[in-house]
Amino acid sequence: MGVLTDLVGALRGGAVEVVDLTAPLSERTPIIALPPDRGQPWPFSREVISDYDAAGPTVYWNNIRLSEHTGTHFDAPVHWLSGKGSQDVSEVPPARLVGPAAVLDLSARAAADPDFLLRRDDVERWQAEHGPLPDGGWLLYRTGWDAYRDDPARFLNDGHTPGVDQECARWLAEETPLTGIGVETVGTDAGLAGEFDRPYPCHWFFHGAGKYGLTQLRNLALLPPTGAVLVAGPLPIVRGSGSPTRVLALVERPS
């Protein structure tokens with residue numbers, strides 16, 4: 001049998017589990033709030049087209065309105081000035097949407113300090129225990145922030161949310177073989193990252209290096225530190241800076 005046949009058998013038999021890392025998208029989905037003098041993203045909203053009624057007796061469907069960067073979403077390089085003129089979300093090679101995942105769990109430290117920043121030495125300690133970061137893979141940064149999934153105000157926390165410090169973001173983006181970074185918070189950067197010497201360093205360095213971001217992930221606690229495979233499915237929006245995304249992880253379970 002071929003590799004894909006074996007995979008289908010493992011999925012059906014339970015040897016490989018599919019873990020959904022995606023936050024359901026609704027009118028309660030938290031969105032980032034920008035300074036009043038800046039442009040603002042639209043929250044998710046919908047308008048019924050028909051609901052098995054006179055407008056459409058046999059069909060239920062809706063129009064929806066939202067920002068490209070709403071809920072669990074994918075950041076393409078063109079999203080930031082450092083990646084201006086590079087890939088939009090429709091141009092991301094499909095093979096880069098599937099890759100191994102390294103899960104770094106810093107949830108205890110983020111629980112003690114909502115402004116906690118991941119540093120290079122945290123990653124290097126993880127590497128000493130689990131091995132190198134995966135070539136063509138994703139760093140999934142677990143902070144425990146999905147615990148606030150049902151409380152939008154607590155999730156946004158007046159801008160006090162964990163992230164990555166400037167030097168670590170630059171190192172991960174420019175000197176490791178990662179494809180991208182995934183986080184549980186509303187954006188890939190810390191809530192206070194606009195005040196850094198290099199504002200929003202994850203956005204600046206990752207997109208400048210042609211790499212990607214995933215945000216508002218859930219269920220990272222269900223993944224092992226290594227061995228999972230991440231699958232991201234953004235909409236291929238032409239000239240899109242990003243897209244709401246279904247993110248899945250394939251996890252091998254012991255028999």
### Query
Do L192 and H160 come within less than 4.5 Å of each other through their side chains, counting heavy atoms only?
yes

### Query
Could you go step by step and tell me if E129 and R125 meet the salt bridge (charged side-chain N to carboxylate O under 4.0 Å, His left out) rule?
CA-CA 7 Å; E129 182 177 358; R125 278 194 295 272; over 6 Å; no

### Query
Mind checking whether P41 and L34 have side chains closer than 4.5 Å, heavy atoms only?
yes

### Query
Yes or no on salt bridge (charged side-chain N to carboxylate O under 4.0 Å, His left out) for R170 and E175, after CA distance, side-chain angles and deciding distance?
CA-CA 8 Å; R170 185 207 59 77; E175 299 184 37; 2.8 Å; yes

### Message
Checking L118 against L106 for the side-chain contact (heavy atoms from CB on, under 4.5 Å) test, could you report, in this order, the C-alpha distance in whole Å, the side-chain angles of both residues, the deciding distance, and whether it holds?
### Response
CA-CA 8 Å; L118 182 73; L106 281 299; 3.9 Å; yes

### Query
In chain order, what residues pass the side-chain contact (heavy atoms from CB on, under 4.5 Å) check against V238, with sequence neighbours excluded?
S90

### Task
Looking only at non-hydrogen atoms, find the nearest pair between G240 and A76 and report the distance.
O-CB, 4.4 Å

### T72 (side chain) donor-acceptor with T22 (main chain) under 3.5 angstrom
no

### Query
How many angstroms lie between atom OG of S241 and atom CD of Q87, to the nearest 0.5 angstrom?
13.5 Å

### Task
Output, in order, the C-alpha distance, side-chain angles, deciding distance and verdict of side-chain contact (heavy atoms from CB on, under 4.5 Å) for V231 and L97.
CA-CA 6 Å; V231 182; L97 299 174; over 6 Å; no

### Summary
CG (L223) and CG (L140) are apart, to the nearest 0.5 Å, by 6.5 Å

### Query
So, does W126 use its side chain to make a donor-acceptor pair with the main chain of V103 at under 3.5 Å?
yes

## Note on the structure
side chain to side chain contact (heavy atoms under 4.5 Å, CB included) with T215: of V183, V186, D189, only one passes, and it is V183

### Query
Under the side-chain contact (heavy atoms from CB on, under 4.5 Å) criterion, do L217 and V247 qualify, and how do the steps go?
CA-CA 8 Å; L217 299 175; V247 184; 4.0 Å; yes

### Task
Report the relative orientation of the aromatic rings in H203 and W80; use parallel for angles under 30°, tilted for 30 to 60°, perpendicular for over 60°.
tilted

### Side-chain heavy atoms of R198 within contact of F205, under 4.5 Å
yes

### Query
Does F206 have its ring centroid less than 6.0 Å away from the ring centroid of Y212?
no

### Message
Can you tell me how far apart OH (Y141) and CG (D105) are? Round to the nearest 0.5 Å.
### Response
10.5 Å

### Task
Mind running salt bridge (charged side-chain N to carboxylate O under 4.0 Å, His left out) on R246 and D20 for me, showing each step along the way?
CA-CA 8 Å; R246 192 72 179 260; D20 196 345; 2.7 Å; yes

### Message
So which atom in I49 and which in A55 form the shortest heavy-atom distance, rounded to 0.1 Å?
### Response
O-CB, 3.5 Å

### Message
Using a strict threshold of under 4.0 Å (side-chain N to carboxylate O), is an ion pair present between R46 and E27?
### Response
yes

## Note on the structure
Closest heavy-atom pair, D165 versus R119, reported as atoms and distance to 0.1 Å, is OD2-CG, 3.3 Å

### Task
Would you mind listing the cluster partners of L117? Hydrophobic ones only (ILVMFWY), side-chain contacts under 4.5 Å, chaining allowed.
F196

### Task
Please round to the nearest 0.5 Å and tell me the distance separating atom NE2 of H73 and atom OG of S67.
7.0 Å

### Task
Applying side chain to side chain donor-acceptor pair (under 3.5 Å) between R154 and each of D150, D158, N157, report the one that passes.
N157

### All side-chain hydrogen bond (donor to acceptor under 3.5 Å, both in side chains) counterparts of D146, not counting sequence neighbours
R149

#### Entry: Residue pair W171, T176: steps toward the side chain to side chain donor-acceptor pair (under 3.5 Å) verdict
CA-CA 7 Å; W171 172 67; T176 76; over 6 Å; no

### pair V123-L104: side-chain heavy atoms closer than 4.5 Å
yes

### Message
If you define the side chain from C-beta out and look only at heavy atoms, does anything of Q216 sit under 4.5 Å from P30?
### Response
yes

### Query
Is it true that L214 and I237 fall in one hydrophobic cluster, defined by side-chain heavy atoms closer than 4.5 Å?
yes

### Query
When you measure from the centre of the six-membered ring of F116, is the NZ or CZ of R109 under 6.0 Å away and within 45° of the axis?
no

### Query
What's the shortest heavy-atom distance between D197 and P199, and which atoms?
O-CD, 3.3 Å

### Task
Show the numbers, then the answer: is there a side-chain contact (heavy atoms from CB on, under 4.5 Å) between V251 and V16?
CA-CA 5 Å; V251 182; V16 173; over 6 Å; no

### Task
Could you tell me how the ring of Y52 sits relative to the ring of Y60: parallel (under 30°), tilted (30 to 60°) or perpendicular (over 60°)?
tilted

#### Entry: Distance-only side-chain donor-acceptor flag, T161 / W145, under 3.5 Å
no

### Query
In Å, rounded to the nearest 0.5 Å, how long is the span from SG of C168 to CG of D122?
7.5 Å

### Task
For P177 and K211, work out which heavy atoms get closest and say how close.
C-NZ, 4.3 Å

### Query
Linking I/L/V/M/F/W/Y whenever any side-chain heavy atoms sit under 4.5 Å apart, do L230 and L222 land together?
yes

### Query
Please, which pairs that meet salt bridge (Lys or Arg N to Asp or Glu O under 4.0 Å) have at least one residue in residues 77-100, sequence neighbours excluded?
none

### Summary
Across all chains, not counting sequence neighbours, the side-chain hydrogen bond (donor to acceptor under 3.5 Å, both in side chains) partners of E17 are R253

### Message
Tell me every residue that passes side-chain hydrogen bond (donor to acceptor under 3.5 Å, both in side chains) with T143, counting only those two or more places apart in sequence or in another chain.
### Response
E184

### Query
Considering all heavy atoms of both residues, which atom of D75 and which atom of H69 are nearest to each other, and what is their separation?
OD1-ND1, 2.8 Å

### Query
Atom CG in L25, atom CD1 in I64: separation rounded to 0.5 Å?
7.0 Å

